[in-house]
Amino acid sequence: MIHGVTMDADHRYWKSSIRIAGYSEICASMQVGKEDCEECAKNKRHMHDGAFWTEDGRNQGVALHHWLQFLAQGRVAGSEPEPEIAGRVEGIKKFIRDTRFEFVGGESIQYEPSISYACTPDIWGIIGKTKWVIDMKRGAEMKSHALQTAAQKIALAANGFMAVKRAALYLKDGDYGLIEHTDRRDEQFWRTISQAYHAKKLYI
């Protein structure tokens, strides 16, 4: 818990009784990563369908995040993972072996007070002598993933961890891809999107 910020059962962030916007909440509100639909273009009032995940896929994602936290800390499991995620768990192990990742932290709330948002980065630590923030993905690469690591890097810096590099870890069956996000504009764009979100809220 950072700056007294907590998360409820619906994955919403709170600072005492005040709601704090999360990364995903801001992106959903600002329609990040989506083309304007026909109704948007015509300025019609409508709703967007946000159901993009399945329950099984979500459960696998939660389990993989637990394995990532566990293995990144150098711990050894006493049991095998479920068959559905076993290949991706091997990918996590291979990533740790190949990079010799040194775990510093993970899965704890990071609050950025100047822009007023919160996020929960998957893991952050050191590869070689360089500080990284890394977000794990079980699906395909998306442009918005670079924006997510930018938000995480900014929030971590506000809480004392100065990541130099940021990346997404794409898990495969027995393997992985570590895609570094190198565009410095990502951080500038995230600040702009987050500030626009707060400005938008003033007119609701």
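Note that the coordinates shown come from a computational prediction; the quantities given were computed from them, not determined experimentally.
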> Can you check whether Tyr197 reaches Cys27 side chain to side chain, under 4.5 Å on heavy atoms?
Replying inline: no
> Is there a side-chain contact between Ile123 and Asp135 (heavy atoms, below 4.5 Å)?
Replying inline: no
> Should Leu68 and Leu169 count as side-chain neighbours, where that means a heavy-atom distance under 4.5 Å?
Replying inline: yes
> Counting only N and O atoms by type, is there a donor-acceptor contact under 3.5 Å from the side chain of Gln69 to the main-chain atoms of Asp122?
Replying inline: yes
>> Could you measure the distance from the CD1 atom of Ile26 to the OH atom of Tyr117? Nearest 0.5 Å is fine.
In response: 8.0 Å
> Which atoms form the tightest heavy-atom contact between Ser108 and Pro121, and what is the distance?
Replying inline: O-CD, 3.8 Å
>> Does Val5 form a side-chain contact (heavy atoms from CB on, under 4.5 Å) with Trp14? I'd like the steps, not just the answer.
In response: CA-CA 5 Å; Val5 176; Trp14 297 84; over 6 Å; no
>> Just so I know, are the side chains of Tyr13 and Glu25 near enough to count as touching, which here means a heavy-atom distance under 4.5 Å?
In response: no
>> I'd like to know if the side chain of Thr192 reaches the main chain of Gln188, judged simply by a donor and an acceptor atom lying under 3.5 Å from each other, with no hydrogens or angles considered.
In response: yes
> Transitively linked via ILVMFWY side-chain contacts under 4.5 Å: Leu64 with Leu178?
Replying inline: yes
> Will you find, in the side chains of Lys153 and Gln148, an N or O donor that is under 3.5 Å from an N or O acceptor?
Replying inline: no
> Would you say Asp10's side chain and Arg12's backbone share a donor-acceptor pair under 3.5 angstrom?
Replying inline: no
> So if you build clusters from Ile, Leu, Val, Met, Phe, Trp, Tyr with side-chain heavy-atom gaps below 4.5 Å, do Ile96 and Ile85 land together?
Replying inline: yes
> Any side-chain heavy-atom pair from Trp124 and Lys131 closer than 4.5 angstrom?
Replying inline: no
> Distance from Trp132 atom CH2 to Thr149 atom OG1, nearest 0.5 Å?
Replying inline: 10.5 Å
>> In terms of relative ring orientation, are Trp190 and Tyr23 parallel, tilted or perpendicular, with 30° and 60° separating the classes?
In response: tilted
> Is a side-chain donor or acceptor of Glu112 paired with a backbone partner of Ile115 at a separation under 3.5 angstrom?
Replying inline: yes
> In Å and rounded to the nearest 0.5 Å, what is the CD1 to OG1 distance from Ile126 to Thr130?
Replying inline: 9.0 Å
> Do Thr120 and Gln110 come within less than 4.5 Å of each other through their side chains, counting heavy atoms only?
Replying inline: no
>> Walk me through whether Glu90 and Arg97 qualify under salt bridge (charged side-chain N to carboxylate O under 4.0 Å, His left out).
In response: CA-CA 10 Å; Glu90 286 303 312; Arg97 285 196 306 269; 5.0 Å; no
> Are side-chain N/O atoms of Tyr170 and His145 paired as donor and acceptor at under 3.5 Å?
Replying inline: yes
> Any idea how Tyr176 and Phe95 line up, ring-wise: parallel (<30°), tilted (30 to 60°), or perpendicular (>60°)?
Replying inline: perpendicular
>> Donor-acceptor pair, distance only, cut-off 3.5 Å: does the side chain of Asp175 make one with the backbone of Leu171?
In response: no
> Going hydrophobic residue to hydrophobic residue with side-chain gaps under 4.5 angstrom, can you get from Ile154 over to Val104?
Replying inline: no
>> Hydrogens and angles aside, do Asp186 and His181 bring a side-chain donor and acceptor to less than 3.5 Å of each other?
In response: no
> Would Tyr111 and Phe161 show up in the same hydrophobic cluster when neighbours are defined by side-chain heavy atoms closer than 4.5 Å?
Replying inline: no
>> Under a 3.5 Å threshold, yes or no: a donor from one side chain and an acceptor from the other, between Arg166 and Gln152?
In response: no
>> Assess the residue pair Arg88 and Asp173 against the criterion (salt bridge (charged side-chain N to carboxylate O under 4.0 Å, His left out)); give the C-alpha distance rounded to whole Å, side-chain angles, the decisive distance to 0.1 Å, and a yes or no.
In response: CA-CA 5 Å; Arg88 287 188 170 94; Asp173 189 8; over 6 Å; no
>> Which residues pass the salt bridge (charged side-chain N to carboxylate O under 4.0 Å, His left out) test with Arg185, not counting sequence neighbours?
In response: Asp183
> Can you tell if the side chain of Leu71 reaches within under 4.5 Å of the side chain of Lys93, non-hydrogen atoms only?
Replying inline: yes
>> Are Phe101 and Ile134 packed together at the side-chain level, in the sense that at least one heavy-atom pair is separated by less than 4.5 angstrom?
In response: yes
>> Under 4.5 Å between side-chain heavy atoms, counting indirect links through other Ile/Leu/Val/Met/Phe/Trp/Tyr residues: same cluster for Leu156 and Val164 or not?
In response: no
> Under the 3.5 angstrom rule, does the side chain of Lys172 hit a backbone N or O of Arg138 as a donor-acceptor pair?
Replying inline: no
>> Using 0.5 Å steps for rounding, measure from the NE2 atom of His198 to the OG atom of Ser29.
In response: 10.0 Å
> Roughly how far, to the nearest 0.5 Å, is the OG atom of Ser116 from the CD atom of Gln195?
Replying inline: 11.0 Å
